[in-house]
Amino acid sequence: MNNQFIHRRTKLAENLQSGIAVIPTAKEVIRNKDAHFPYRFDSYFHYLTGFGEPESVIVIIGGKTPSSILFCRGKNKEKEIWNGFRHGPEAAKNLLHCDEAYSIDEIDQILPQLIENKDTIYTPLGIDVSWDQQIMGWLNQTRSRVREGIAAPEGLIDVRGMLDEMRLFKDPSELDTMRQAAKISAEAHVLAMTATKPGKYEYAIEAEFLYHFKKNGSQFPAYTSIVAGGKNACVLHYIENNAVLNDGDLLLIDAGCELNGYASDITRTFPVNGKFSGPQKAIYELVLAAQSAAIDATSAGNSWQAPHDAATKVLAQGFIDLKLCHGSLDKVLENREYFRYYMHRTGHWLGMDVHDVGNYKIDGEWRALEPGMALTIEPGCYISSAPDIPEQFWNIGIRIEDDAVVRKDKGCEIITSGAPKTISDIESLMSN
Ligand code: GLY
Ligand code: MN
Ligand code: MN
């Protein structure tokens with residue numbers, strides 16, 4: 001096992017000082033009757049362990065002699081026949097380089113002892129009621145022993161604050177995985193462009209993604225794919241993906257795979273018949289120019305807000321030029337008149353979660369971009385039909401989304417560039 005997990009646990013232990021962190025993985029979730037959703041571990045737990053089995057908890061003790069203690073499923077011959085291999089505490093302890101490991105069945109006895117005389121428990125709070133109750137139960141068990149001279153923790157702090165800040169800065173192993181996930185997703189977008197024809201259905205194009213993701217080792221899509229033909233592209237979170245694709249319409253696809261716990265997130269928009277119309281071209285070129293300005297603004301030392309401001313400025317001027325907005329650039333920006341067509345932000349952190357963790361502001365100010373941060377750059381334009389809007393632009397929805405990593409020096413690395421996005425590249429790919 002790569003030691004980045006040990007490194008992360010050590011770093012967390014340093015931050016804990018005389019506290020103790022208790023972090024469970026995700027629960028298995030029933031889909032219906034006795035069928036489960038495919039299992040996906042908790043991102044925080046996995047960040048610290050790399051361990052994929054459900055019913056696991058990692059305990060990290062801070063202080064002078066930091067240590068890691070794992071609780072996981074015990075070996076069980078019968079259950080392994082039905083549901084497959086489980087490591088059991090002994091093997092898991094060696095695999096993860098933990099100091100101790102126990103069966104999860106023992107946690108109610110052992111955990112109250114582990115928190116004895118610690119000043120603070122750090123744990124995810126308010127996500128899962130039954131976990132909150134379990135923590136309270138262990139805390140009360142320890143409290144009930146005060147007459148034996150045992151002190152119960154007085155502090156209960158959400159551990160996510162510390163971990164979010166760690167997760168925001170990607171290490172080389174994380175970046176390798178993210179590049180690989182981005183590559184698979186970009187290839188799938190190429191396949192989708194070549195597979196799209198008028199008369200096909202959105203779900204048939206979605207299937208190209210699912211097939212390519214799985215075939216290349218991705219475990220899941222990182223989020224439900226958006227495959228939105230024509231006016232469906234103006235519904236930002238459209239996921240029905242069940243309409244026919246019409247000649248003359250655009251197709252917006254926002255789809256990315258998850259690989260070994262890391263998300264990719266790409267949007268491309270292209271013509272169903274392979275040729276952009278004049279009005280489609282005008283809006284597309286505008287969104288592409290906005291994205292290019294945002295990419296240029298994505299550089300260490302710039303504010304998180306800089307790419308958004310750069311994209312918004314280009315879009316606002318374009319809306320004025322195309323008579324979608326009226327008046328001066330300053331007025332359109334100040335009154336947020338562009339918001340009618342561009343109503344979302346230009347990006348978000350990207351990592352284990354597609355909308356990844358990490359604060360965007362520090363002390364009320366947008367934070368500065370720093371090397372190793374990963375984010376999306378995804379301006380768009382969504383025009384519904386309305387009497388005051390030139391009819392040639394009705395129902396055009398375009399977004400162009402890439403994944404970027406802030407470089408050490410100037411600028412950013414675009415890790416999704418395998419998916420074509422200039423009009424000439426898209427048209428030439430689709431004509432072959
Ligand atoms: N796919 C989700 C997003 O672009 O934010
Ligand atoms: Mn995104
Ligand atoms: Mn997206």
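Just follow the structure's listing: the first ligand is 1, and inside any ligand the first atom is 1. Predicted model, so just to flag it, every value in this text is computed and none were measured.
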inquiry  = For atom 5 (O) of ligand 1, which of the options R399, E401, H355 provides the nearest non-hydrogen atom?
reply    =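 Shortest heavy-atom distance from atom 5 (O) of ligand 1: H355.
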> Do D42 side-chain atoms and F45 backbone N/O form a donor-acceptor pair below 3.5 Å?
Replying inline: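 Checking the backbone N and O of F45 against the side chain of D42, a donor-acceptor pair under 3.5 Å is found.
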field: Pair R407 + D409: basic N to acidic O under 4.0 Å
entry: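 Salt bridge between R407 and D409, a charged N being under 4.0 Å from a carboxylate O: no.
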Practice problem: Look at the rings of W304 and W349 and say which category their plane angle falls in: under 30° parallel, 30 to 60° tilted, over 60° perpendicular. | Solution: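 Rings of W304 and W349: tilted, as their planes differ by 30° to 60°.
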What residue among E174, R179, Q180, K170 forms side-chain hydrogen bond (donor to acceptor under 3.5 Å, both in side chains) with Y262?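 Only one of E174, R179, Q180, K170 forms a side-chain hydrogen bond (donor to acceptor under 3.5 Å, both in side chains) with Y262, namely E174.
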* To do: Determine, using heavy atoms of V354 and all atoms of ligand 1, whether some pair is separated by less than 4.0 Å.
  =>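 Per 4.0 Å heavy-atom rule, V354 does not contact ligand 1.
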Taking a cutoff of less than 4.0 Å between a non-hydrogen atom of the residue and any ligand atom, is H344 in contact with ligand 1?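 No heavy atom of H344 comes that close to ligand 1.
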Answer yes or no for R367 and Y360: cation-pi contact, defined as NZ/CZ to six-membered ring centre under 6.0 Å and angle to ring axis within 45°.
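So R367 doesn't make the cation-pi contact.
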Axial cation check for Y44 ring with R167, 6.0 Å and 45° limits: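 Here R167 passes the 6.0 Å and 45° test against Y44.
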Exercise for the section: Sort by chain and number the protein N/O/S atoms that are closer than 2.8 Å to the Mn ion (ligand 2), and list them. Expected result: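 Atoms qualifying: D265 OD2, H348 NE2, E378 OE2, E401 OE2.
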Should we say atom CZ of F220 is surrounded by more than 12 heavy atoms from elsewhere, each under 6.0 Å from it?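 Atom CZ in F220 is crowded, with more than 12 foreign heavy atoms closer than 6.0 Å.
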As an exercise, identify every atom of ligand 1 less than 4.0 angstrom from a heavy atom of D254.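 The atoms of ligand 1 under 4.0 Å from a heavy atom of D254 are 1 (N), 2 (C), 3 (C), 4 (O).
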Output field: ring centroids F319/Y338 closer than 6.0 Å: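 Judged by ring-centre distance (under 6.0 Å), F319 and Y338 do not meet the cut-off.
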